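Values reported hereafter were calculated over all heavy atoms of this structure, with side chains retained and with hydrogens, waters and symmetry mates removed. None of these values were measured; they are calculated from a predicted model.
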Amino acid sequence: MDIVNRPGFSEWEDKHHYKQALALYWQGMKYGAQIVYVVLEKMLHDEKEKEE
């Protein structure tokens with residue numbers, strides 16, 4: 001019997017894809033936060049150099 005035709009496979013597949021999408025979303029959020037942190041830190045550093 002083909003695994004795709006087994007009962008419950010579609011449900012498992014949907015859950016699996018959802019978990020993968022959620023993991024990718026959170027990884028993207030993490031990377032985005034890191035970029036914002038670096039950019040803001042650079043901007044603050046540049047402002048301090050201008051004041052001196």
Partners meeting salt bridge (Lys or Arg N to Asp or Glu O under 4.0 Å) with E47 (sequence neighbours left out): none

Side-chain H-bond candidate by donor/acceptor type, E41 with H45, under 3.5 Å: no

Carboxylate-amine/guanidinium contact K50 D46, below 4.0 Å: no

Residues clustered with Y25, ILVMFWY side-chain links under 4.5 angstrom: Y18, L22, W26, M29

Partner set under salt bridge (Lys or Arg N to Asp or Glu O under 4.0 Å) for D14, not counting sequence neighbours: none

Linked, directly or transitively: Y31 and V39 (ILVMFWY side chains, under 4.5 Å): no

